[in-house]
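See below for the structure under consideration.
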Amino acid sequence: MRLPGQSWSRAVAWIQDLISRRWRQLLAWRERWRPRADTIHLLLAGAVGVFGGLTNAIFYFANQGLKLLILGQPGDPAEIAEWLNPWLRFAVPACGGLMAGLILHWGLRMVPSKGTSNLLEVVVAGDGRLPFRLNLIKTLSSLLSVSTGASIGREGPITQMSATLASKGGQWVQAPPYRLRLLVACGAAAGLAAAYNAPIAGAVFAAQIVLGNFAMNLFAPLVCASVIAAVVSRSFFGIEPLYHVPEFEFTRVIQLPWFLVLGALAGGLGALFLRLLQSGEAVARRLNQPVFLRLFLAGVGVGVIALLVPEVWGNGYAVTSRILESNPRYDLFLLGCLLAAKLVATVITVGAGTVGGVLTPTLFLGAALGSLAGSLLHLAGIAEPLPKAAFALAGMGSVLAATTHSPLMAMILVFEISLNYSLMPAVMLACAVATLVSRRLHPASVYTEPLRQKGLLEETESQRIGAATQQTVGDLMHESIPPVPETATLREIGQRFLTCSRNFLPVVDAEGRLSGLVALQDLKAYLNAGPGFEAVIAYDVMRPPPPCLTPNIRLHEALPLLLSSELRHLPVVNNRAERRLVGTLVRAEALSLFSEAIATKN
């Protein structure tokens, strides 16, 4: 009689024999069915796209609800302002600015600041972690500002919140830093695509401005997120283009020179706009007043302008539509007033620190400039076959290109929001000229200026050793080694070394900045210190901080440091000024890429 224990032993033996004979085949099956990184990225990007589309819908309906509550009716703020009493045109932006500022003031006090909330900074010089609660407070403040007539766009908070949700989801699944940065870019693409019903422009925006990379393994998830976000948004708002432009045919080469002139004018206006934004922010910093007071004063400024030009309320969507429709009310004088008033109102609003986007106000400025240029040409009896709307549409794209320094994104966005292909050759020409002129007058764009001020855009030219080495330090960066404070005792440092396999530990000061390194071998000199052993702290034994890497440095630029360093894990800091640890670069892993690149080249 066979006992149960013997049957179980035979079964285990049979399974072990099967595994020993078939283990290679089992491993091959596992590798075949294991999802590839590209597949994972596409699935995550699809989820980000859904959240991006829903974020756009939630923000829109919340905005309309607030306007119904505060102003008594939903709709475009500029159209509402035209029917309001003058004192309400003044009071609503002022009170809205005060309330939005108080949300920021008290909200930021209750929520501790952990890292930056700038989505470009966490991609260029960080690990892709965006603080959720901090950005939620900023979104609520922006929602109130947009609903009360601030000269700001809603695309900013939608894009920011979509990227924040993507980052938070990535943190929840414990994604590595390189995947978190990709998810942030997918969130930005989804937010912009949903806000403008422009999936191509959303993907290009994220690839060119956020990631700075059009590699297919990165661009495909961006496209996936943008497409899904746009389709989800269309399920709420339909498929109609954002702006309606009268039909006309652009078929003559002799008409192109006028768009060269328009591009040059747009480049000058874009550079002026960027300089005024920079000056406005500098003035706000010098005032050194609480944020609620600054936003209140900005609201007062917008309210004063609205007493004479009510069209400055809001992001300018309705007024831009009227300009594109060649509304006869908008003559030369009114177009000039609209251009100047909107420029000043937006500079005041953004300079004070109001949370929001500048893309839609920029489109307003471009439409006003283009229509003004077209009106002047028609007054002089020139280019009469071309309607003013043609110049307005080209002006929108060229001023946008001048402020973002991204002509490709500007061209595509103008096409997607108007669905007018006939004028695209003229728009492309104007965008290219505007970008060249603006870059000559103001090197940084509206997105890169904050990074430039923090020293995150250091560019060097080095010899390129294979395509693989064009990756950045951030692409290979791992989680940072937990540092020890300068006040840590030798006993605490010794316990840390016993629980890890590192030969060096980073040391940070009270503000979290890298101040040095403690080497395991340097502790030997203090083993026989006697009674004074407990008095020795990390500050006494640490070495000076080594030359540090930043996430935006290319690998071929980091090669001299990799070869000269004795560290197996090189510290990575956010920038050379603040020196806050954001990760670590494994020396052997980086050098192996060089070996593979050289072997491939040979």
Side-chain angles (χ1 to χ4, degrees), residues 63 66-67 69-73 75-105 138 140-157 272-273 276-284 287 289-320 322-323 334-365 367-368 403 446:
N63 181 23
L66 270 179
K67 282 186 284 191
L69 179 66
I70 297 172
L71 302 174
Q73 59 180 312
D76 189 273
E79 294 178 332
I80 297 174
E82 293 172 339
W83 296 98
L84 288 178
N85 292 325
W87 71 273
L88 283 176
R89 291 186 205 163
F90 168 80
V92 170
C95 295
L98 178 61
M99 290 187 291
L102 288 173
I103 290 176
L104 285 178
H105 180 74
K138 290 189 173 184
L140 294 175
S141 173
S142 180
L143 176 62
L144 191 55
S145 297
V146 171
S147 303
T148 53
S151 183
I152 206 77
R154 69 184 183 92
E155 75 283 347
L272 174 64
F273 183 44
L276 289 176
L277 288 176
Q278 187 177 351
S279 300
E281 292 170 353
V283 169
L287 289 176
Q289 296 298 323
V291 64
F292 64 86
L293 182 57
R294 286 189 275 118
L295 266 61
F296 170 71
L297 294 176
V300 169
V302 173
V304 169
I305 297 172
L307 291 175
L308 300 174
V309 188
E311 289 90 344
V312 299
W313 264 37
N315 59 14
Y317 165 73
V319 183
T320 303
R322 294 176 189 171
I323 294 174
L334 185 53
L335 285 171
C337 290
L338 286 175
L339 178 61
K342 191 64 175 179
L343 180 66
V344 174
T346 306
V347 167
I348 292 174
T349 303
V350 177
T354 306
V355 181
V358 294
L359 254 67
T360 311
T362 300
L363 295 175
F364 179 108
L365 296 176
T403 55
V446 69

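Count residues from 1 along the sequence.
- The distance from atom CG of L293 to atom CG of L287, rounded to the nearest 0.5 Å, is 8.5 Å.
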### Task
Go through D76 and V319 one step at a time and tell me if the side-chain contact (heavy atoms from CB on, under 4.5 Å) criterion holds.
CA-CA 9 Å; D76 189 273; V319 183; 5.6 Å; no
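- Across W313 and P93, no two heavy atoms sit closer than the pair NE1-CG, 3.3 Å.
- Taking CD1 from I152 and OG1 from T360, the interatomic distance works out to 9.5 Å, rounded to the nearest 0.5 Å.
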### Task
Take E79 and R322 through the side-chain contact (heavy atoms from CB on, under 4.5 Å) test and state the conclusion after the steps.
CA-CA 11 Å; E79 294 178 332; R322 294 176 189 171; 3.4 Å; yes
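- For the pair L343 and L365, the minimum side-chain heavy-atom distance is below 4.5 Å.
- Side chain of K67 to backbone of G75: a donor-acceptor contact under 3.5 angstrom is found.
- No donor-acceptor pair under 3.5 Å is formed between the side chain of S142 and the backbone N or O of K138.
- Side-chain contact between F90 and V302 is absent, with no heavy-atom pair separated by less than 4.5 Å.
- Distance check: R154 CZ to N63 CG gives 7.5 Å after rounding to the nearest 0.5 Å.
- Here L297 contributes atom CG and Q289 contributes atom CD; the two are 8.0 Å apart, rounded to the nearest 0.5 Å.
- When every heavy atom of G353 is checked against every heavy atom of L295, the shortest pair comes out as C-CD1, 3.9 Å.
- Two residues are said to be in side-chain contact when any heavy atoms from C-beta on lie closer than 4.5 Å; T346 and F364 fail this criterion.
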### Task
Apply the test side-chain contact (heavy atoms from CB on, under 4.5 Å) to residues T362 and V446: give CA-CA distance (whole Å), side-chain angles for both, the deciding distance (0.1 Å), then the verdict.
CA-CA 11 Å; T362 300; V446 69; over 6 Å; no
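- Between A81 and R89, the shortest heavy-atom contact is O-NE, 3.0 Å.
- Here the CG-CG distance, from L144 to L104, works out to 10.0 Å after rounding to the nearest 0.5 Å.
- Between I103 and F292, the closest side-chain pair of non-hydrogen atoms is not below 4.5 Å.
- The main-chain N or O of V358 is found under 3.5 Å from a side-chain atom of E155 such that the two form a donor-acceptor pair.
- In terms of heavy-atom proximity, S145 sits nearest to T354 at OG-CG2, 3.6 Å.
- Separating the CG atom in L272 from the OG atom in S279 is a distance of 9.5 Å, to the nearest 0.5 Å.
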### Task
Decide side-chain contact (heavy atoms from CB on, under 4.5 Å) for I80 and Q73; before the verdict, give the C-alpha distance in whole Å, the side-chain angles of both, and the deciding distance to 0.1 Å.
CA-CA 8 Å; I80 297 174; Q73 59 180 312; 4.0 Å; yes
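- The two residues K342 and S151 make their nearest non-hydrogen contact at NZ-OG, 3.0 Å.
- Considering all non-hydrogen atoms of both residues, F296 and A94 come closest at CD1-O, 3.4 Å.
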